[in-house]
Structures are given as C-alpha cells and as structure tokens.
Amino acid sequence: MSLKQFLQFKLSQKLSPQQIQLMKLIQLPTQAFEQRLKQELEENPALDTGKESETSEDNIDDFDNSNDEFNDNETIEADDINIDEYLSDDEIPEYRTQANNYSADDEDKSVPYAAGTSFTQHLINQLNTFRLSEQDQEIAYFLVGSVDESGYIRRSLSDITDDLAFTQNVFTTEEEIEKVLRIVHQLDPAGVGARNLQECLSIQLHRKEQNPDVELAIAIIDKGFEQFTKKHYKKLMHKFSIDEEQLKDAIEEIERLNPKPGGSYAGNNKIVEHIVPDFAIKIVDGELELTLNGRNAPELHVSREYNNMLKGYKDTKEKSKAQKDAVMFIKQKLDAAKWFIEAVRQRQQTLFVTMSSIMHYQKEYFLTGDERKLRPMILKDIADEIEMDVSTISRVANSKYVDTPYGTKLIKEFFSESMTNDQGEEVSTREIKKILETVIEEEDKKKPLTDEALSKILKEKGYPIARRTVAKYREQLDIPVARLRKEL
C-alpha cells in the first residue's frame, strides 16, 4: 500500500456525532456530567427532562418519510464529520475543570494573582500601622508585593534594588532594603517575608515566649541548621553540649512552627472541589451490590411541544420558504435531542458494565478492604472481559470515584502491574507497596531501615525485589530515605 493510499484510508475513518458525544460523556464524572446536561437542556429546546407519558418519536419518523423535498438535499449529513477536526483543542468544553475528580491530563488551574491579592492586602493593611518615611514605605510595599503564596521572598536583595530603581524610580541600597525587610518580618503571620526556611523558622521562634526549649531551638536553627535538616542528632548534642531529652524538647518546639506562613491565606482563594462518588459498592448478605449514582441517570425525552410543531407544519398544505426553514431547524433540534438521549443511555450502561467488571475482578478486596487482596489488574484485563476498547476503560477509571465500605476511592487506584513472588504466583505491586509501608511503619525509628535492609525483609516475606525497586516504591509512597525518618 502506498503512503498516499494509506493517508486516504486513514482520513476516511470517521466517527458519528453520536460516538463522539458518547466518548466525551463517558469521561465526565457525575458533577461535570450534570453541568453538561444543563448546558444541553439550555441549548436544545427540543430536549426535556421528567417523565413523558407517550412517545413522540413515531411522529418524527412519519415526517422523515412524508416530505421528500426536505430529505436528501436539505438535511445535515452526520457522516461528513472528520474525527480529527471534531476532537481538536478548540472543542474542549468549559465544564471540564480542575482537580483530582477529573481526568489526569487536566491541570489544577488557579488564578495566581487573585490568590495573592487578598494576602498582599492583608500585609499592606498591617504596614499602614507603621510610621515610615515615604521612601521606606515604597520599599516596604514593594517587598510585600514580592511575597509569594507560601509567604517567602525568593528574590535576592540585589535584584530587588535594581527593580526598585528601574520600575519604581526608587534609588536605594541593599542595606536600606534589609532594614525595611526587618519591619516586614514583624507582620503576621509570623515568618512572612523570610528568604528561606531557616530564616522563616528563626523569625517564628524569636516571636515566641522565651524559655530554655525555645532558646535551644533558636540556637539549633541559627547555628546548626544543616545538622538539623540532615538529622545528625549526635552532632547537635555534641555541638550544644546537651542530652537527648533536651534535644527532643527543642525539636518539638521547631515542629510546631509553620514552614509556609502564607499557605493559609493563599488557600482561601482556591476552589474547593467536593468529590461526588459516581458509584457505590455495599456488602449485602455477604455479596457485593453495585449502584450508579442516580444523578447519572436523568429522565430525558423529546419535547412533545416541538414534536407537535413539526406535526402542525406537516399538515399545512401550503408551505412557504420560512416554514420550510423552521421545519429544518425543528428537525435538527429533534435529531440532536434523540442523539443526546441515546448517548446518555449508552454512557450509563458503559459506566455500570465497566465498574461491575472491576468490582468482580477485585471481589476479595471489596469484601475485606485488605489492599493485599488487590489482584494485578491492567486496563486490558477489563477491556477484554467486557469487549470494549482500552481507551473507554481508561475514561471511566481515570475520572470516577466509588464509595466503598472502606472510604471513597479513585477507580484507577485499583489498577496495578504485577510481579512474580518466590512461589511463582503473580502478585500486585499494590500489595507489595502495602507490605513495604507496613514494614516501615513498624521499624525502630531510632534506627530506620535502609533500602537494602527493606529489600532483604521483603525477600524473606517471599517478594524478591531489588534495592532500586524498593527505592522506587518508597518514593512513590512519598516515604523519605532512612536518615530522614530517624527520630529521637
């Protein structure tokens, strides 16, 4: 086959609008689906919600065959839609938004300036209570404007000096800026305006009521910060001539501090996403029972009013061009309503069949809640079982949640690769991670286990895993290296 023939063949592959709508609808979790439904109801007056006592589709079909002058030359050919054009970036609808309740390729987008504005204003309001010269006030405002969402000023004083000169026409020195910065450090929340974590913690400790524990904590942060961050506790005890109990009390003071003083303010401007489970699994008489959230199954029907309008035009003997145009509009809206109703029905069926297959595949887990009972499962396993495309399973798994007796879970978390244990059995990597997590939780925190030691323990338990694989799993679980897990 020549390249030209291949390209022609590829370009001829088209999906109907029904199929495209279905793919998009399947990806939507419950809340986003409701938004999409609302949008469709607003845009298509031929679509209605609620119960409909008698069907109106027969009349539409009657009309389709009753007036040939409307058929071939004036209807929209659905098959003429190219899949590549239809699924272009411009087609991404507004209802696909942020956060984990949505698909993995959607970012958690926020407006950074809006988040900073109220925090900046909060700081400026405090600055206005200080008596400052006009120049110092301008420097202070500029410093406050440079505070990031975490509460830090990440830029060097030399950069700030240059910026003040070029953008504000304020000519000053680094020494002058340092003096004004000490005023900014008096603002609330304590630690705001710090240039690094060490300075942030130090500012907070100096603001606390002084006692031996706080004074030792200040000394550790100001003079032994590197040993503290690396948990070289013996070096700290030797450096400050203290015993383990004194060190422990000082570290407790440090652990009470806020490493991100701006965090609580910046967070106020972010949209809080509430997860709505798309499915629920219950155990009834020892058996699993699956339900789809009722909000995914709205009662939809074609508008009787629109159908009657169509019937009225059909019965009219003399038909003007304006009437013909109106009929075409009504017919298109009725077709679109039927398409959407069918897509919603297929979405419900696809979601239920997919989740039902996942539930039965992981039956032991759902009956016990024991993550070690999770079987290795990849998208293809479910796709093969229910004879659907892998991409369809991915659309369901990536964006939906299920309410279980053990909490609300993201469905994609039930999928994992497999490895073979020393018995030759396939086990889930999730199972191994759970065992690794348990071993680390039970370790002696004074002598945390190295990755090499963890590897040996897992081998003894029947899981022959290399040290580098242990390190990879540990990082995926957000567990730090042994040295950083050390406690007194």
Side-chain angles (χ1 to χ4, degrees), residues 98-99 107-130 132 136-164 167-168 170 172 174-210 213-215 217-226 228-230 250-273 478 480 484:
Q98 65 266 41
E107 297 172 31
D108 181 4
K109 289 184 177 130
S110 58
V111 184
Y113 193 73
T117 307
S118 61
F119 185 31
T120 304
Q121 193 57 52
H122 171 73
L123 298 174
I124 287 172
N125 291 344
Q126 294 177 68
L127 269 182
N128 292 337
T129 65
F130 288 80
L132 301 170
D136 283 355
Q137 189 177 54
E138 286 197 55
I139 293 169
Y141 284 168
F142 192 84
L143 288 171
V144 161
S146 301
V147 172
D148 67 15
E149 281 189 352
S150 297
Y152 287 81
I153 293 175
R154 309 277 185 186
R155 305 171 64 214
S156 68
L157 293 186
S158 60
D159 282 351
I160 291 172
T161 307
D162 291 341
D163 265 8
L164 277 164
T167 65
Q168 308 298 313
V170 173
T172 183
E174 288 183 33
E175 290 73 26
E176 179 71 13
I177 293 173
E178 184 100 49
K179 186 188 79 174
V180 177
L181 185 59
R182 284 197 287 274
I183 294 168
V184 173
H185 288 166
Q186 294 177 45
L187 306 179
D188 287 323
V192 73
R195 287 161 287 182
N196 51 54
L197 178 60
Q198 183 178 12
E199 187 171 58
C200 179
L201 298 177
S202 181
I203 292 166
Q204 291 179 63
L205 286 166
H206 279 93
R207 294 262 289 268
K208 292 187 82 165
E209 188 179 333
Q210 300 300 295
D213 293 340
V214 173
E215 287 165 9
I218 290 170
I220 290 170
I221 294 301
D222 290 350
K223 299 171 186 174
F225 188 69
E226 188 177 350
F228 168 71
T229 55
K230 291 181 177 177
I251 287 173
E252 280 180 6
E253 288 288 349
I254 296 168
E255 286 175 343
R256 292 192 193 108
L257 306 176
N258 184 0
K260 291 185 178 181
S264 57
Y265 288 87
N268 288 341
N269 291 276
K270 291 188 178 176
I271 298 166
V272 177
E273 288 287 346
D478 286 329
L484 297 179

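Values below: every heavy atom of this structure, side chains too, minus hydrogens, waters and symmetry copies.
- Remark: T229 engages F225 in a side-chain contact (heavy atoms from CB on, under 4.5 Å) (not counting sequence neighbours).
- No option in D213, V214, I221 other than I221 meets the side chain to side chain contact (heavy atoms under 4.5 Å, CB included) test with I254.
- K208 has its side chain out of reach of I218: every pair of non-hydrogen atoms, C-beta onward, lies at least 4.5 Å apart.
- Annotation: side chain of N128 is in contact with side chain of Q137 (closest heavy-atom distance under 4.5 Å).
- Between D188 and R207 there is a side-chain heavy-atom pair separated by less than 4.5 Å.
- A distance-only check finds a donor-acceptor pair linking the side chain of Q204 to the backbone of N258 [under 3.5 Å].
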**Item:** Q121/I124 under side-chain contact (heavy atoms from CB on, under 4.5 Å): CA gap, chis, key distance, verdict
**Value:** CA-CA 5 Å; Q121 193 57 52; I124 287 172; 4.1 Å; yes
**Message:** Apply side-chain contact (heavy atoms from CB on, under 4.5 Å) to residues L187 and F130 and explain how you reach the verdict.
**Reply:** CA-CA 10 Å; L187 306 179; F130 288 80; 3.8 Å; yes
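- With contacts defined as side-chain heavy-atom distances shorter than 4.5 Å, the pair I160/I153 qualifies.
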**Request:** Quick one: do L143 and V147 satisfy side-chain contact (heavy atoms from CB on, under 4.5 Å)? Show the steps, please.
**Result:** CA-CA 7 Å; L143 288 171; V147 172; over 6 Å; no
**Request:** Take H185 and E199 through the test side-chain contact (heavy atoms from CB on, under 4.5 Å) and record every step on the way to the result.
**Result:** CA-CA 10 Å; H185 288 166; E199 187 171 58; 3.7 Å; yes
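- The salt bridge (Lys or Arg N to Asp or Glu O under 4.0 Å) test applied to D163 returns R155, not counting sequence neighbours.
- Side-chain contact between E176 and T161 is absent, with no heavy atoms from C-beta onward closer than 4.5 Å.
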